[in-house]
Amino acid sequence: MAALVDVDFTVHERERVALFGPSGSGKTTLLHVLGGLIVPERGEARWRGGLLSGLDAAARGGVRAGGIAFVFQGANLLPTFTAFENVAFAAWASAEGRGGARPLLDPSELLALAGLQAKLDALPAELSGGEAQRVAIARALAQRPALMLCDEPTGHLDSDTGTRVLDLLDALQAEFGFAQVTATHDSDVAARAQRAIGLQDGAITSEEWFP
Ligand SMILES: Nc1ncnc2c1ncn2[C@@H]1O[C@H](COP(=O)(O)OP(=O)(O)OP(=O)(O)O)[C@@H](O)[C@H]1O
Ligand SMILES: [Mg+2]
């Protein structure tokens, strides 16, 4: 069975879109296609007009370095690196991928934006779930994304902490102007978007705009 069926979907610059649907509906699969982590067996995926789906994994990684960042459901931090080092490593890797482009902000500034100025030297195991997720957001931002792909970014957080993480993402989006695509099964999270795409069994079944 196909994980995605006849999906025709475009993200516009600076847009905030939610992919909304139950478990198994294809949200993660679609995010991974958008970011070039996987390629569809049929059909195509494009980034800024160029074909992603014809490229091998290394070339797709190079394209990602040019402006696509992921925030996963769990923070997925490097466990032996401090918060600062996790962000610094991503900034360095992204700059390498772009032929040395300078990061927008340095890692301490990014972590301060995420409210973590006191946690620069903390290891991931010494952070709460919400703090780790905010490090992951700072790390994504260190890659100077034009497109931020977030997979259930608050799935492991209580609702107040989750709201703070989503507020941070929205504030950073307003400041830095990236497009944001967030996969969620939570209708409150989806309602924060400008446009919510409903997925069901791998197909887009609805599209809703919020004022
Ligand atoms: N690597 C894979 N190979 C084949 N099928 C897969 C693969 N990954 C996921 N699937 C299938 O594709 C469908 C969509 O999975 P996906 O992970 O995209 O759902 P989801 O909407 O993100 O669900 P959840 O809310 O549980 O994260 C499921 O039926 C799943 O079993
Ligand atoms: Mg998923």
Side-chain angles (χ1 to χ4, degrees), residues 1-11 15-47 51-61 63-64 68-78 90 124 129-130 132-137 139-141 143 145 147-166 168-170 173 178-210:
M1 193 187 123
L4 294 173
V5 185
D6 290 336
V7 168
D8 183 355
F9 174 59
T10 303
V11 188
E15 194 183 20
R16 186 186 307 158
V17 193
L19 302 178
F20 177 63
S23 183
S25 57
K27 306 182 294 294
T28 295
T29 305
L30 180 52
L31 274 188
H32 288 190
V33 169
L34 290 172
L37 288 181
I38 57 174
V39 292
E41 279 167 27
R42 283 193 300 278
E44 33 183 61
R46 288 181 177 272
W47 166 247
L51 210 54
L52 261 180
S53 40
L55 304 175
D56 66 18
R60 296 197 307 274
V63 172
R64 251 192 323 278
I68 304 175
F70 276 90
V71 176
F72 297 98
Q73 179 167 4
N76 284 8
L77 301 175
L78 298 169
Q133 199 56 300
R134 285 184 281 143
V135 175
I137 290 169
R139 176 179 60 181
L141 209 60
Q143 299 160 52
L147 174 62
M148 184 86 107
L149 300 170
C150 305
D151 198 354
E152 308 270 7
T154 57
H156 290 158
L157 306 176
D158 66 70
S159 79
D160 283 353
T161 310
T163 299
R164 279 203 293 280
V165 165
L166 296 172
L168 172 67
L169 269 169
D170 292 353
Q173 183 186 18
F178 48 80
Q180 194 180 322
V181 182
T182 300
T184 184
H185 54 247
D186 182 333
S187 55
D188 291 337
V189 175
R192 297 174 63 111
Q194 294 153 336
R195 180 160 73 106
I197 302 291
L199 284 168
Q200 204 58 259
D201 297 329
I204 291 179
T205 52
S206 65
E207 186 168 22
E208 191 177 353
W209 277 265
F210 298 107

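What's counted below: heavy atoms across the whole structure, side chains too, no hydrogens, waters or symmetry copies. Starting from 1, each residue takes its place in the sequence as its number. Keep in mind that this is a model prediction, so the values were computed, not measured. Just so you know, ligand 1 is whichever comes first in the structure, and atom 1 is the first atom listed for that ligand.
In this model, no donor atom of one side chain and acceptor atom of the other lie less than 3.5 Å apart for Thr163 and Asp160.
Protein residues with any heavy atom under 4.0 Å from ligand 1: Ala3, Pro22, Ser23, Gly24, Ser25, Gly26, Lys27, Thr28, Thr29, Glu152.
Within the model, atoms OG1 of Thr184 and CG of Leu19 stand 9.5 Å from one another, a figure rounded to the nearest 0.5 Å. Rounding to the nearest 0.5 angstrom, the gap separating the CG atom in Asp186 from the OG atom in Ser159 is 9.0 Å. Going from atom CZ of Phe70 over to atom CG of Asp151 covers 8.5 Å, rounded to the nearest 0.5 Å. If you take OG on Ser25 and CG on Asp201, they are separated by 8.0 Å, rounding to the nearest 0.5 Å.
The number of heavy-atom neighbours closer than 6.0 Å to CG of Asp6, taken from other residues, nucleotides and ligands shown, is 12 or below.
For a distance threshold of 2.8 Å, the protein N, O or S atoms nearer than that to the Mg ion (ligand 2), listed by chain and number, are Thr28 OG1.
Comment: Asp170 engages Arg16 in a salt bridge, judged by a side-chain N to carboxylate O separation of less than 4.0 angstrom. A salt bridge links Glu15 with Arg195: at least one charged nitrogen is closer than 4.0 Å to a carboxylate oxygen.
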Checklist entry - Step by step, would you call Arg134 with Leu168 a side chain to side chain contact (heavy atoms under 4.5 Å, CB included)? => result CA-CA 8 Å; Arg134 285 184 281 143; Leu168 172 67; 3.8 Å; yes
